[in-house]
2 protein chains.
Amino acid sequence: MSTAFSWNDLQYFLAVARTGQLSAAARNLRTTHVTVSRRIEQLEFALKAKLFERNPRGYELTTIGRRLVDTAEIIEAEAERLQAQISDSVSQLRGLVRLSAPEGISNFFFVEKLTQFAEIHPPYQRRIAYNSTDYGTFA
Amino acid sequence: MSTAFSWNDLQYFLAVARTGQLSAAARNLRTTHVTVSRRIEQLEFALKAKLFERNPRGYELTTIGRRLVDTAEIIEAEAERLQAQISDSVSQLRGLVRLSAPEGISNFFFVEKLTQFAEIHPPYQRRIAYNSTDYGTFA
DNA sequence: CTGTTTTACGCACCTCGTAAGTATC
DNA sequence: GATACTTACGAGGTGCGTAAAACAG
């Protein structure tokens with residue numbers, strides 16, 4: 001069985017759960033309280049559960065909402081871990097590429113070709129070398 | 001630090017990783033291969049990493065992509081667990097509500113009031129009772 | 001020629017922020 | 001009045017599917 005709710009909305013859920021306020025959550029998320037309100041509303045509708053109690057001075061977790069915080073935080077942590085794994089993989093796969101070519105043949109030509117076949121994205125770096133002479137980093 | 005990529009796109013990532021094809025993944029996700037293609041493209045752009053190798057007969061995980069599967073699956077499992085926790089909470093909080101009132105005072109009046117204060121959503125059920133006489137389920 | 005993925009094209013929806021309204025302290 | 005949320009509104013963007021193109025077995 002698949003989930004019907006938007007996983008992204010969990011970020012809004014956590015932000016509101018932590019701050020207890022739409023406005024404060026909005027500041028952390030760099031958006032407006034109106035947007036946060038809508039995301040929470042949507043999440044509650046999708047889950048068919050009231051997650052917050054609307055009080056005059058903010059949002060307070062309901063019993064159900066409180067039970068979801070831990071799980072949501074695991075998801076958040078895993079999402080950040082996934083992001084970190086990218087960086088790890090990048091550094092593991094990064095290596096020094098040296099090029100040799102007869103005079104008159106530009107290194108940049110090969111670099112250009114390499115970038116077409118290799119999985120290269122910023123912040124990857126290639127060093128430019130000519131006959132074992134290192135010409136520095138190429139962005 | 002917060003994540004920049006869309007957590008939702010991980011569902012598309014997993015579907016493609018498992019089937020090895022946009023079309024097959026699309027069938028499982030009840031959408032079209034075009035949409036799946038775009039979600040993967042967006043995810044790769046956000047993560048700044050190439051997750052799949054485009055082969056003539058399908059999508060194959062790259063080294064980086066393969067490393068993210070486990071983490072993505074944890075997120076998926078936690079998302080489903082979160083959904084399940086809702087159901088658990090619902091059944092724990094559901095209880096029989098009995099009402100007593102003098103003749104002439106409708107039970108429905110109190111039911112109406114109750115629904116304003118209690119966290120009640122479908123598929124919650126309330127039973128209508130009058131002086132301990134059970135009048136059945138009220139939708 | 002059947003199975004892919006990719007690209008092109010609009011349309012529709014949806015999300016967003018501004019602004020005004022409501023409520024509480 | 002200050003601070004919170006809610007509602008209204010309009011614009012902009014974005015995601016969507018259909019359809020056609022490109023490619024391989």
Side-chain angles (χ1 to χ4, degrees), chain A residues 2-62 64-66 115-117 119 121, chain B residues 2-62 64-66 79 113 115-117 119 121:
Chain A
S2 172
T3 60
F5 68 94
S6 172
W7 297 2
N8 286 328
D9 289 348
L10 293 177
Q11 302 180 69
Y12 294 84
F13 168 72
L14 285 174
V16 175
R18 284 162 182 159
T19 61
Q21 288 184 164
L22 293 187
S23 334
R27 278 191 293 276
N28 295 344
L29 297 169
R30 315 201 184 270
T31 181
T32 68
H33 57 283
V34 184
T35 295
V36 181
S37 167
R38 277 185 294 237
R39 308 292 356 134
I40 297 296
E41 188 180 16
Q42 186 123 346
L43 184 62
E44 286 185 328
F45 179 79
L47 292 176
K48 304 211 182 311
K50 190 173 175 185
L51 304 177
F52 295 98
E53 204 67 51
R54 276 75 169 168
N55 286 330
R57 58 178 193 282
Y59 270 44
E60 195 181 353
L61 280 167
T62 62
I64 292 184
R66 206 171 307 116
T115 58
Q116 291 178 13
F117 296 106
E119 300 171 15
H121 302 267
Chain B
S2 173
T3 60
F5 68 95
S6 172
W7 296 1
N8 287 328
D9 289 348
L10 294 178
Q11 303 179 71
Y12 294 85
F13 168 72
L14 285 175
V16 175
R18 283 162 183 160
T19 61
Q21 289 183 162
L22 294 186
S23 335
R27 277 191 292 275
N28 296 344
L29 298 168
R30 318 203 184 267
T31 179
T32 68
H33 55 284
V34 185
T35 296
V36 181
S37 167
R38 278 186 293 238
R39 308 293 355 132
I40 298 297
E41 188 179 18
Q42 186 122 344
L43 184 62
E44 287 185 328
F45 179 78
L47 292 175
K48 302 211 184 312
K50 190 174 174 183
L51 304 177
F52 294 98
E53 203 67 52
R54 275 74 168 169
N55 286 330
R57 58 180 191 282
Y59 271 44
E60 197 181 352
L61 281 167
T62 63
I64 292 183
R66 207 170 307 116
K113 287 297 175 192
T115 58
Q116 291 177 15
F117 295 107
E119 301 169 16
H121 302 267

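This one's a predicted model, so the numbers in the text were calculated from it and none came from an experiment. Throughout, protein chains are lettered first and strands after them, A, B, ... in sequence-line order, and every chain is numbered starting at 1.
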Sequence neighbours left out, what passes side chain to side chain contact (heavy atoms under 4.5 Å, CB included) with A:N55? Give chain and number order. A:E53, A:E60

Can you name the side chain to side chain contact (heavy atoms under 4.5 Å, CB included) partners of B:R57, sequence neighbours left out? none

Partner set under side-chain hydrogen bond (donor to acceptor under 3.5 Å, both in side chains) for A:S23, not counting sequence neighbours: none

Given the rule in the side-chain contact (heavy atoms from CB on, under 4.5 Å) test, do B:Q11 and A:W7 qualify, once you have shown the distances and angles that lead to the verdict? CA-CA 10 Å; B:Q11 303 179 71; A:W7 297 2; 3.3 Å; yes

Passing candidate, side chain to side chain contact (heavy atoms under 4.5 Å, CB included) with B:L22, options B:T35, B:V34, B:T32, B:V16: B:V16

Check nucleotides 1-3 of chain D against the protein and report each pair of N or O atoms closer than 3.5 Å, with its distance, or say if there are none.
none

Tell me the ring pair (Phe, Tyr, Trp, His ring centres under 6.0 Å) pairs involving residues 24-51 of chain B, sequence neighbours left out? none

More 5' along DNA chain C: A:T35 or B:S23, using each one's nearest nucleotide? B:S23

Reading DNA chain C in the 5' to 3' direction, which nucleotide is the first one with an atom under 4.0 Å from a heavy atom of chain A, and which is the last? C:dT15 to C:dT24

DNA chain C contacts made by residues 8-19 of chain B, counting heavy atoms under 4.0 Å: none

Taking all non-hydrogen atoms of both residues, which atom of A:S6 and which atom of A:L43 are closest, and how far apart? O-CD1, 4.4 Å

Main-chain N/O of A:L51 paired with A:T62 side-chain donor or acceptor, under 3.5 Å: yes

Whole-Å distance separating the CG atom of B:N55 from the C1' atom of D:dG25: 14 Å

Under the salt bridge (Lys or Arg N to Asp or Glu O under 4.0 Å) rule, what pairs show up with a residue in residues 12-25 of chain B, not counting sequence neighbours? B:R18-B:E73, B:R18-B:E76

In this structure, CG of A:L14 is separated from CG of A:L29 (nearest 0.5 Å) by 9.5 Å

Are any of B:T32's side-chain N or O atoms less than 4.0 Å away from OP1 or OP2 of D:dT18? no

Across all chains, not counting sequence neighbours, the ring pair (Phe, Tyr, Trp, His ring centres under 6.0 Å) partners of A:Y59 are A:F52

Quick one: which residue pairs count as a salt bridge (Lys or Arg N to Asp or Glu O under 4.0 Å) with a foot in residues 19-39 of chain B, not counting sequence neighbours? B:D9-B:R39

Write out a two-atom table: protein N or O, nucleotide N or O from nucleotides 6-9 of chain D, distance below 3.5 Å.
residue: D:dT6; atom: OP1; partner: A:Y59; partner atom: OH; Å: 3.3
residue: D:dT6; atom: OP2; partner: A:Y59; partner atom: OH; Å: 2.6
residue: D:dT6; atom: O4; partner: A:H33; partner atom: NE2; Å: 3.4

Taken in chain and number order and not counting sequence neighbours, the residues that satisfy side-chain hydrogen bond (donor to acceptor under 3.5 Å, both in side chains) with A:E44 are A:R54

